[in-house]
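Scope of the values below: all heavy atoms of this structure, side chains included, with no hydrogens, waters or symmetry mates. Letters A, B, ... are given to chains in the order of the sequence lines, protein chains preceding strands, and every chain is numbered from 1.
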Amino acid sequence: MHRDMYRVVRRIPRGKVATYGQVAELAGYPGAARVAGAAMKASAGSGVPWQRVVGRRSKTVGRVSILDPIGGTTQRQLLEGEGVEFSDSDGIPMRRFGWLPVDD
DNA sequence: GTGGTGACTGCCA
DNA sequence: ATGGCAGCCACCA
């Protein structure tokens, strides 16, 4: 259920980001990354910090950043506002801003 | 109940 | 390193 996704997204710490696949898995739908995405778009206005959920290959989705086709600009703004830094070459340095469910 | 679609991901060319 | 194709899972028609 989308609610499960929301629950997971909501527990992402401020200043950290998670991938769709990660959210899907934690929500109880391993491999259903696409579903997570669908849930995100549906979450618009649901008070869910969807901006903290990004695609693992956020840099190469058909030649462009996946963060652009959507409300990419808005999302980026929000994330930067939380302290997440963007790299022009790698998008978001998951190595540092990737959310680890353990350091919750 | 069957078929098609998608804010994804991973492997192959 | 970039571009394309196939596989996944849940939801809507």
Side-chain angles (χ1 to χ4, degrees):
Chain A
M1 182 50 99
H2 287 173
R3 306 303 181 197
D4 300 311
M5 305 290 197
Y6 301 162
R7 211 158 10 208
V8 176
V9 176
R10 264 192 280 259
R11 67 183 249 214
I12 298 176
R14 185 170 169 288
K16 291 285 187 66
V17 297
T19 66
Y20 290 104
Q22 186 173 11
V23 172
E25 188 176 321
L26 291 172
Y29 303 91
R34 314 184 57 128
V35 182
M40 291 308 96
K41 67 177 171 134
S43 76
S46 303
V48 180
W50 61 274
Q51 70 265 28
R52 292 179 190 159
V53 184
V54 301
R56 207 181 184 297
R57 307 186 63 191
S58 54
K59 48 173 182 174
T60 12
V61 173
R63 200 56 266 270
V64 204
S65 165
I66 190 186
L67 301 180
D68 273 352
I70 322 165
T73 310
T74 304
Q75 179 171 26
R76 178 167 179 156
Q77 293 288 307
L78 290 167
L79 288 176
E80 294 186 320
E82 297 185 344
V84 177
E85 299 169 35
F86 279 68
S87 173
D88 295 301
S89 51
D90 293 317
I92 300 174
M94 301 299 283
R95 211 55 78 122
R96 297 201 325 173
F97 299 103
W99 171 51
L100 290 101
V102 291
D103 66 32
D104 194 7

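- The two residues A/A18 and A/V23 have their closest heavy-atom pair at CB-CG2, 4.1 Å.
- A/E85 CD to A/I92 CD1: the interatomic distance, rounded to the nearest 0.5 Å, is 11.0 Å.
- Checked against salt bridge (charged side-chain N to carboxylate O under 4.0 Å, His left out), A/R11 has the following partners two or more places apart in sequence or in another chain: A/D104.
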Walk me through whether A/Y20 and A/R34 qualify under side-chain contact (heavy atoms from CB on, under 4.5 Å). CA-CA 7 Å; A/Y20 290 104; A/R34 314 184 57 128; over 6 Å; no

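- A straight line from CG of A/D4 to C1' of C/dC11 spans 14 Å, rounded to a whole angstrom.
- In this structure, CD of A/Q22 is placed 10 Å from P of B/dT9, rounded to the nearest angstrom.
- Rounded to whole Å, atom C1' of B/dC8 lies 6 Å from atom CZ of A/R34.
- Between the OH atom of A/Y29 and the P atom of C/dC9 there is a distance of 14 Å, given to the nearest Å.
- Rounded to a whole Å, the CD atom of A/E25 is 13 Å from the P atom of C/dA10.
- Around CD of A/E25, the count of heavy atoms belonging to other residues, nucleotides or ligands within 6.0 Å does not exceed 12.
- Contact between A/Q75 and A/V53 at its shortest, heavy atoms only, is NE2-O, 3.0 Å.
- The interatomic distance linking A/Y20 (OH) with B/dA7 (P) rounds to 9 Å, in whole Å.
- Between A/I12 and A/W50 the shortest side-chain heavy-atom distance does not fall below 4.5 Å.
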What are the atom names and distances for every N/O pair under 3.5 Å that joins the protein to nucleotides 10-13 of chain B?
{"unit_1": "B/dG10", "atom_1": "N7", "unit_2": "A/R57", "atom_2": "NH1", "d": "3.1"}
{"unit_1": "B/dG10", "atom_1": "O6", "unit_2": "A/R57", "atom_2": "NH1", "d": "3.4"}
{"unit_1": "B/dC11", "atom_1": "N4", "unit_2": "A/R57", "atom_2": "NH1", "d": "3.4"}

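- The distance between atom CE of A/M40 and atom P of B/dC8, rounded to the nearest whole Å, is 12 Å.
- Atom CD of A/Q51 is separated from atom CD of A/Q77 by 11.5 Å, given to the nearest 0.5 angstrom.
- For A/V35, taking side-chain heavy atoms from C-beta onward, the closest of the listed nucleotides B/dC8, B/dG6, B/dA7 is B/dG6.
- Although no hydrogens or angles enter the test, the distance criterion places no donor-acceptor pair under 3.5 Å between the side chain of A/R56 and the main chain of A/T19.
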Read 5' to 3' with Watson-Crick or G-U pairs under 3.5 Å, [ ] for crossing pairs and | for partners on another strand, DNA chain B gives .|||||.||||||

